[in-house]
Amino acid sequence: MTKKATGPVWAPGWALCRKPATPSEPDKFANVPGGDIFGFTSGTDVGSPGDCGVAFEFSGRAGKADGSYRTGTLKTQFGATIADNFSVALSPFVTYHHIRNVTDLEDLSRTQFDGLSGELSYRFIERSAAMPFAATFSVEPRWARVDGTSGVGVTAYSAEFKLFLDAVLVADRLFGAVNLNYAPAVQKTDGDPLGEWVRTSSTNVSGALTYQVSDRLFFGGELRYLAAFEGAFLNHKVGNAIFAGPTMLVKITDATSLNLVWTPQIRGHAIDTDRRLDLDNFERHQFRAKLATSF
């Protein structure tokens, strides 16, 4: 639920999760509800000063061209809104891989600690009666210890730059959002005698619509275009894929919500293959379950 800020408020250390004493005013115009109402696609809400929360986000991927392939990552995110339109978050990761008889990948089945990330988000365009949409910029640098596809140990550094936009399409009923993401990365395999660093990058363009059935239930759909590149600056495309599927958000209480999304790959292409799906750089299915609570 989106809350209206009462004025510039900085929340130093001991008071970080304390709400301002002044009561908030009701919205004077149609607004987009806060929370993960769109699925993988994010809305622009960053909360009000003093908001704090924790989220358990499990993102899974399954299916390659052959064999058995499953992987999932649990991201535990601790977040706080420390000023008007500005939030921060810190997240540890744990990743699981199960790989059997997949071409070019070693068989393995294990769970590993997979590093940390921090995130800074700034809403630079606020919604108003004269401005029907809002916009937020976010950057998430990350240190990782596991290769996302093969599951082997690596030392990796990346940064994901994200632009979120959302709008009210029908007041209190229909909402839309668009995301533009770019992520350069560099990594080397643990134990590699040459110690070679490999640079890659990726992009993610997504759009989503969601319909508010009731105060506690949202249903929607999402379309995502993902592309993978050699080189940190989108130097050479090696594959792309389109994913589409349904989304759902259930508000269990006023402070706790569960978001579910499943997007199978419906079209894709990898270099040097003639398949209608890109199963070299991506998977047949991507899904996520996220439980978030605020306090």
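Considering only residues two or more places apart in sequence or on other chains, R100 meets the salt bridge (Lys or Arg N to Asp or Glu O under 4.0 Å) condition with none of them. Remark: K64 pairs with E283 by the salt bridge (Lys or Arg N to Asp or Glu O under 4.0 Å) rule, at least two apart or across chains.
Between Y69 and L105, some side-chain heavy-atom pair lies under the 4.5 Å cut-off. With a 4.5 Å cut-off on side-chain heavy atoms, T73 and V94 do not count as touching. Using a 4.5 Å cut-off on side-chain heavy atoms (C-beta onward), F124 and L163 make contact.
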- Task: Take V46 and F86 through the test side chain to side chain contact (heavy atoms under 4.5 Å, CB included) and record every step on the way to the result.
- Result: CA-CA 7 Å; V46 296; F86 188 71; over 6 Å; no
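Remark: side-chain polar atoms of T44 are not paired, donor with acceptor, to backbone N or O of A135 under 3.5 angstrom. With D36 contributing its side chain and S42 its backbone, the two residues share no donor-acceptor pair below 3.5 Å. Checked by atom type and distance alone, the side chain of T81 never pairs as donor or acceptor with a backbone atom of A83 at under 3.5 Å. Q112 contributes a side-chain N or O that, together with a main-chain N or O of G151, makes up a donor-acceptor pair within less than 3.5 Å.
Judged as a side chain to side chain donor-acceptor pair (under 3.5 Å), the pairs with a partner in residues 192-206 (not counting sequence neighbours) are, in order, T41-S206. Residue pairs that meet the side chain to side chain donor-acceptor pair (under 3.5 Å) test with at least one member in residues 225-234, sequence neighbours left out, are Y225-K237. Listed by first then second residue, pairs satisfying salt bridge (Lys or Arg N to Asp or Glu O under 4.0 Å) with a partner in residues 139-168 read K75-E140, D114-R142, E119-K162, R127-D166, E140-K162, not counting sequence neighbours. For residues 270-280, the set of pairs meeting the salt bridge (Lys or Arg N to Asp or Glu O under 4.0 Å) definition, not counting sequence neighbours, comprises R275-D280.
For the side chain to side chain donor-acceptor pair (under 3.5 Å) criterion with N259, the lone passing option out of R288, K290, E57 is R288.
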